[in-house]
Amino acid sequence: MSYTLTTPLYYANDRAHLGSTYTTLACDAIARHQRLRGERVTFITGCDEHGQKIQRTAEAAGLTPQAHCDAVSERYRQLWSRWQISNDRFIRTTDPRHRQLVEQFFARVEAAGDVVEGRQQGWYCVACEEFKDDPHEAQDPECPIHRRPLEWRDEVNLFFRLSRYQRQLEELIRRPGFIAPASRRREVENFVAQGLRDFSISRVDLPWGIPVPGHPGHTFYVWFDALLGYLTALFDPAEPVRLERLQERGWPAQLHVIGKDILRFHAVYWPAMLLSAGLPLPERVFGHGFLTREGQKMGKSLGNVLDPEVLLERCGRDAVRWYLLRDIPFGDDGDFQQQRFTDLVNSDLANTIGNLLNRTSSMARRWFAAAVPPAGAGAADSHPLALAASHTAAAVGEALENLDFRVAAEAILQLAGTANAYLNDQAPWKAMKQPGRETAVAADLYAVLEASRWVAVLLAPLLPELSDRMLRQLGQTPFDSSAHTGQQTGAWLAAQRWGVLASAAALPEPEPVMQRLELDAPL
RNA sequence: GGCUCGGUAGCUCAGCUGGUUAGAGCGUGGGAUUCAUAACCCCAAGGUCGGGAGUUCAAGUCUCCCCCGAGCCA
């Protein structure tokens, strides 16, 4: 089976912010989970590089649009690489192959009779790249979102006949699971119910875009071009772009993850475009929420923007991933609070999970020749920790399928908590002082080591690096869920069996797998 | 202006089709312990469930109005 998922193609107007990082981290966890399950994954991200806004930003910086995009997209690429994002593809809409794809796609849409000319007059926001509904006679109207003056436009554009797809889209949107979370569905339903209007797919006098074949002077509207980037990305960079081959390359996508602000484009315009071109539709569009910081919207004017590069530098990947995935319900809006961030990272990762492994490993080494103790009763499937582990695995699997990272994380945490409590109940440090209890202690420690191993295994999609360190400390081979080299062997599922640790196998000297986070200054 | 989604302990959230003293984790306070990253384990305090009215034997849970936040459409 293959599993294709995408982040949005981020607009190359400016560098990455926390929101795009959040989206990308979540997708990374999904991609890794699917690889670990044995799926052939194509995880797509990239940059959307056309449009008037970029052209103007480049001009203002004294650069050509291409040079500007080269710089911005390179910065994205490097950022994702530093976050160890496991994307298989990074597509840029200025890639020459993308132009081929757009041309092929447009030819289909045009052949379907879905392209018509129309005159468009109105006030236009360059930042939104959209016409606004302000009345024609308005004096100096402003964009309510960007607080910038609107520009008067009067042009003949090409329109996509969205209105023809009214019925089909209504049906699609009703389909359970297409729009997720379900709470966002109503909004789109209402929008469609108002009656779909054709939308323009070209601009005139905008050189920074892909020329529309057969329509001199027109370039494609940036959204039309950008969405198609998901398709271009599926082709191997070395192979020619051929729309007929799309389905062999992993289309349709199982999942588009986006911010809730662009839900309409993905749940309405995009499916209609695909229908017109005779291509299958993505299975699911997931619109997640936005992040605020300490209760306030992040913005340049407030000067409270949290820079993902700074965050990475000062806190590390595991900590940030954990906080964002474990504390913010995926789909809802969330608030980044520094105190809570450090509290959770320290409590969950360092104290509960890290210390569990550390204390157990240290006892095992001390009393059982630096090795995994004889398993005895600890290897039994009926051991309380074995039962807990298998419940946890089921819960984690289900939660991850539902993209509910928070529930998955909590389940893992609970397993670690159960194991910690078990240790306190059994108190091996006391038992070891009594003669004849050595076998029982060995079994207890074995079981707790196994539980720790399960914690590490289940953590692999969410926190690949911490999982890695834990498994090494247990003398196990870590999982490879990265792009391209990801194992896809089912090793991860096979590791979800009680009793994998071999008694007498050497245990490396323990060192803390997770440092506590001490932030002396605000981020 | 119309619509959507939220408003439950200091913080983040659970509470299905209405039904015993409203739950969890973090944080706070206390206890116990020493294997461990001053960690782990146990216990406790903390809520008039945004406000008001209504339906009902019974409402955080249903209806209406209002307030606040986020968003969609005008």
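Quick note: numbers below take in every heavy atom, side chains included, and nothing from hydrogens, waters or symmetry partners. Numbers restart at 1 for each chain; the letters A, B, ... are given by sequence-line order, proteins then strands.
- Residue M514(A) is classed as a base contact, given a heavy-atom separation below 4.0 Å to a base.
- Nearer the 5' end of RNA chain B, as judged by each residue's closest nucleotide, is the contact made by G334(A), out of G334(A) and D261(A).
- Backbone-only engagement by A421(A) is indicated by non-hydrogen atom pairs under 4.0 Å involving sugar-phosphate atoms exclusively.
- Nucleic acid contact for Q194(A): sugar-phosphate only, since backbone atoms but no base atoms lie under 4.0 Å from a heavy atom of the residue.
- With a glycosidic angle more than 90° from 0, G54(B) adopts the anti conformation.
- Residue R469(A) is out of contact with every strand shown, counting any heavy-atom pair closer than 4.0 Å.
- Taking the C1' atoms as reference points, C42(B) lies 10 Å from U33(B), given to the whole Å.
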Next item on the list: Any chance you could encode RNA chain B as dot-bracket? Rule is Watson-Crick or G-U wobble with both distances under 3.5 Å; [ ] for pairs crossing earlier ones, | for another strand.
Entry: (((((((..((((.....[...)))).((((.........)))).....(((((..]....)))))))))))).

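- Between R340(A) and D335(A) no salt bridge is recorded (no basic side-chain N to carboxylate O distance below 4.0 Å).
- Around the CD atom of E309(A), the shell of radius 6.0 Å holds more than 12 heavy atoms that belong to other residues, nucleotides or ligands.
- Among the protein residues, R366(A) comes within range of the sugar-phosphate backbone only, with heavy atoms under 4.0 Å from sugar or phosphate atoms but none that close to a base.
- Distances shown here put every side-chain N or O of R365(A) at or beyond 4.0 Å from the OP1 or OP2 atom of C35(B).
- Using cut-offs of 30° and 60° for the angle between ring planes, the F341(A) and F336(A) rings count as tilted.
- Between K433(A) and U34(B) there is no side-chain N or O to OP1 or OP2 distance below 4.0 Å.
- Among the candidates T45(A), T21(A), L25(A), T7(A), the single residue satisfying the side-chain contact (heavy atoms from CB on, under 4.5 Å) test with I85(A) is L25(A).
- Counting non-hydrogen atoms under 4.0 angstrom, D333(A) reaches the backbone sugars and phosphates but no base.
- For the C1' atoms, the distance linking U61(B) with G18(B) amounts to 6 Å, nearest Å.
- Between R516(A) and A39(B) there is a side-chain polar atom (N or O) within less than 4.0 angstrom of OP1 or OP2.
- Ring geometry, Y76(A) versus Y10(A): the interplanar angle falls under 30°, so the pair is classed parallel (tilted spans 30 to 60°).
- Y269(A) is listed as a side-chain neighbour of F199(A), based on a closest heavy-atom distance under 4.5 Å.
- Within the 4.0 angstrom heavy-atom criterion, only backbone atoms of the sugar-phosphate kind lie near P329(A); the bases stay farther away.
- Remark: the backbone N or O of L281(A) is not paired with any side-chain donor or acceptor of W270(A) at under 3.5 angstrom.
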Pairwise N/O distances under 3.5 Å, protein to nucleotides 23-29 of chain B:
{"residue": "G25(B)", "atom": "N2", "partner": "R340(A)", "partner atom": "NH1", "Å": "3.0"}
{"residue": "G25(B)", "atom": "N2", "partner": "R340(A)", "partner atom": "NH2", "Å": "3.3"}

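- Looking at E511(A) and R472(A), no side-chain N of the basic residue comes within less than 4.0 Å of a carboxylate O on the acidic one, giving no salt bridge.
- In this structure, Q337(A) reaches the sugar-phosphate backbone alone: every heavy-atom distance under 4.0 Å involves primed, P, OP1 or OP2 atoms, never a base.
- Using a 4.0 Å heavy-atom distance criterion, V513(A) is classed as a base contact.
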Note to self: Is there a side-chain contact (heavy atoms from CB on, under 4.5 Å) between Q254(A) and R284(A)? Walk through the geometry before answering.
What the structure shows: CA-CA 6 Å; Q254(A) 270 61 43; R284(A) 181 151 47 155; over 6 Å; no

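- For the pair D425(A) CG and A32(B) C1', the interatomic distance rounds to 13 Å; values are reported in whole Å.
- Side-chain N/O atoms of R359(A) include none lying less than 4.0 angstrom from OP1 or OP2 on C41(B).
- The residues E410(A) and R406(A) are annotated as salt-bridged, a charged nitrogen and a carboxylate oxygen being separated by less than 4.0 angstrom.
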